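All values derive from a computational prediction rather than experimental measurement.
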Amino acid sequence: MEKTKVEEVSWWLSQLDLLFGTERAQIPDFIKPFHIACLAVRARQAGVNVALPKDLDTYATRMGLWDVLDMPAPVAIARMPAAGRFVEARRITSDNQVHGISLELSSMFHRSRGISDETIDSIQIMLSELLGNCCAHSPRTQEEQVFGVTIGQSWARGGLAQLCIVDCGMGIRNSLSHNEQLVHRLNVENACGIATEYGVTGKPFGAHSGYGLTFTNDLTSQNRGCLLVISGDEYYSNRCGVVRTSKLPIHWDGTIVIFEWNINVSLDARQVYDNWPDPDSDSGVELEELDYGDIFN
């Protein structure tokens, strides 16, 4: 199964602009979790319901699109247990949800070949930080309580899994600009690329360590999977060992993180940690200090 390209995401965002503007949008015949997450966030922001082609209704219903929108689904379905094959769309509205949703998402990784308990634990921490960013970077108003949407699916026959986290917050560039040490770099470099580096954070003395995107990026390189980070009009792509950063012709108010991994290729957290700086060095981060408390069959 082919991994997602940044051009696919950019095209979908352009179609959403049309959909929530004055024109009709095109819908791909095969939709993935990221399609649903981005659509859900835009629909929640607009306070409207959405209609998909009839042949996509069953899939989108099972993946929780209309649950996230608090709208009635167009079809009634039998909800068989997900059993790690997928995680329905979840709306992240509170820090109190982060731990529970991260545990639910981590169930998808148990289907990966030879994965250790240590790696699962590390992935749960990674997910907690990524989900926590949705709350930390999003505005909190009485009118709109959606901070972000997360969703995931594993395709056994395709040998691939996708996890997506989408928020409508301040964006990576604005977040990193709160760190005075990064101001010069942000003037000349891609913010999404900077955000994947070890120890980079917009709040160097806050609760978030920058662990989430760094660990995800290093797992992606190890697995030869795909990590797409989109924020504003910038993107970072680490796809099948090829890294790219550049600008998009479209703008997203917030951040989109799409992580795809080969489920038949091992994921090893210890190998990632061994390549990080010594925790006792000036640039190190003590990991112990991180505090994070086939669909229808």
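Residues F215 and I125 fail the side-chain proximity criterion, which asks for heavy atoms closer than 4.5 Å. R244 places a side-chain heavy atom less than 4.5 Å from the side chain of Y235. Within the 4.5 Å cutoff, the side chain of Q45 has no heavy atoms near those of the F20 side chain. The shortest distance between side-chain heavy atoms of C226 and C240 does not fall below 4.5 Å. Looking only at side-chain heavy atoms (C-beta outward), L227 and L219 stay at 4.5 Å or farther from each other. Using a 4.5 Å cut-off on side-chain heavy atoms (C-beta onward), L65 and V50 make contact. Using a 4.5 Å heavy-atom threshold, the side chains of L163 and L127 count as touching. Side-chain contact check for I230 versus V6: some heavy-atom pair is nearer than 4.5 Å.
A donor-acceptor contact shorter than 3.5 Å is absent between the side chain of E189 and the backbone of L186. In terms of modelled atom types and a separation under 3.5 Å, the side chain of H110 and the main chain of S107 share no donor-acceptor contact. Counting only distance, with no hydrogens or angles, the side chain of S175 and the backbone of I172 share no donor-acceptor pair below 3.5 Å. Judged by distance alone, with hydrogens and angles left aside, the side-chain atoms of S177 form a donor-acceptor pair with the main-chain N or O of N174 at under 3.5 Å. For the pair T196 (side chain) and L213 (backbone), a donor-acceptor distance under 3.5 Å is absent. A donor-acceptor pair under 3.5 Å is absent between the side-chain atoms of Q124 and the main chain of L103, judged by distance alone. Using modelled atom types, no side-chain atom of S112 and backbone atom of I115 make a donor-acceptor pair closer than 3.5 Å. Of the possible polar contacts, one joining the E129 side chain to the G212 backbone as a donor-acceptor pair under 3.5 Å is found. Formation of a donor-acceptor pair under 3.5 Å by the T255 side chain with backbone atoms of G171 is not found in this model. T61 places a side-chain N or O within donor-acceptor distance of the main-chain N or O of D57, the cut-off being under 3.5 Å.
Residue V149 comes nearest to A89 through the heavy atom pair CG1-CB, 4.3 Å, listed as atom of the first residue, atom of the second, then distance. In this structure, M63 and G152 approach most closely via the heavy-atom pair CE-O, 3.5 Å. Heavy atoms only, all atoms of each residue included: R90 and I101 are closest at CB-CD1, 4.1 Å. Heavy atoms only, all atoms of each residue included: A25 and L19 are closest at CB-CB, 3.8 Å. For the residue pair G254 and S231, the shortest heavy atom distance occurs at O-OG, 2.8 Å. Contact detail for S106 and I120: the closest heavy-atom pair is O-CD1, 4.2 Å.
Here CG of L160 is found 10.0 Å from CG of N264. Values are rounded to the nearest 0.5 Å. Atom OG1 of T201 is separated from atom NE2 of H178 by 11.5 Å, given to the nearest 0.5 angstrom. Atoms CD and OG1, on E104 and T150 in that order, are 9.0 Å from each other to the nearest 0.5 Å. Rounded to the nearest 0.5 angstrom, I258 CD1 and C164 SG are separated by 4.5 Å. Put simply, CG on L105 and CE on M126 are 8.5 Å apart, with the number rounded to the nearest 0.5 Å. The OG atom of S10 lies 5.0 Å from the CG atom of L248; values are rounded to the nearest 0.5 Å.
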Let me have the donor-acceptor pairs involving side chains of residues 30-42, under 3.5 Å, with sequence neighbours excluded, atom names and distances please.
| residue | atom | partner | partner atom | Å |
| --- | --- | --- | --- | --- |
| K32 | NZ | T4 | OG1 | 3.0 |
| H35 | ND1 | K32 | N | 2.8 |
| R42 | NH1 | D17 | OD1 | 2.8 |

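Looking at residues two or more places apart in sequence or on another chain, you find no salt bridge (charged side-chain N to carboxylate O under 4.0 Å, His left out) involving E180. Applying the side chain to side chain contact (heavy atoms under 4.5 Å, CB included) criterion to D253, with sequence neighbours excluded, gives H251. Under the rule for a side chain to side chain contact (heavy atoms under 4.5 Å, CB included), the partners of A161 that lie at least two apart in sequence or sit in another chain are M108, S154, W261, I263. Evaluation of the ring-ring contact (aromatic ring centres under 6.0 Å, His included) rule for Y236 yields no partner, not counting sequence neighbours.
With respect to D67 and R91, no salt bridge is recorded, no charged nitrogen being found less than 4.0 Å from a carboxylate O. A salt bridge links E234 and R173; the closest N-O separation between the charged side-chain nitrogens and carboxylate oxygens is under 4.0 Å. With respect to R79 and E88, a salt bridge is recorded, a charged nitrogen being found less than 4.0 Å from a carboxylate O. Comment: E8 does not engage K3 in a salt bridge, judged by the lack of any side-chain N to carboxylate O separation of less than 4.0 angstrom.
Taking the six-membered ring wherever Trp is involved, the centroid distance between the rings of Y211 and W276 falls below 6.0 Å.
Side-chain heavy atoms closer than 4.5 Å link hydrophobic residues (I, L, V, M, F, W, Y) into clusters, and following such links, even through other members, never connects V183 to L176. L13 and V48 fall within a single hydrophobic cluster, where Ile, Leu, Val, Met, Phe, Trp and Tyr side chains are chained together by heavy-atom contacts under 4.5 Å. Linking Ile, Leu, Val, Met, Phe, Trp and Tyr residues whenever their side-chain heavy atoms come within less than 4.5 Å leaves L18 and I256 in two separate clusters. Placement of F259 and V265 in two distinct hydrophobic clusters is found when ILVMFWY residues are connected by side-chain heavy-atom separations under 4.5 Å, directly or transitively.
Annotation: D55, atom CG; neighbour count of heavy atoms from other residues, nucleotides and ligands within 6.0 Å is above 12. Remark: N187 CG is packed, more than 12 non-hydrogen atoms of other residues, nucleotides or ligands lying under 6.0 Å away.
For residues 219-230, the set of pairs meeting the side chain to side chain donor-acceptor pair (under 3.5 Å) definition, not counting sequence neighbours, comprises S221-N238, Q222-Q271, N223-N262.
The closest side-chain donor-acceptor pair between Y273 and E118, if any, does not fall under 3.5 angstrom.
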Steps toward side-chain hydrogen bond (donor to acceptor under 3.5 Å, both in side chains) verdict (E260, Q162)
CA-CA 4 Å; E260 295 178 336; Q162 181 185 104; 2.6 Å; yes
Tell me, with the steps shown, if T93 and Q97 meet side chain to side chain contact (heavy atoms under 4.5 Å, CB included).
CA-CA 7 Å; T93 60; Q97 295 175 286; 2.8 Å; yes
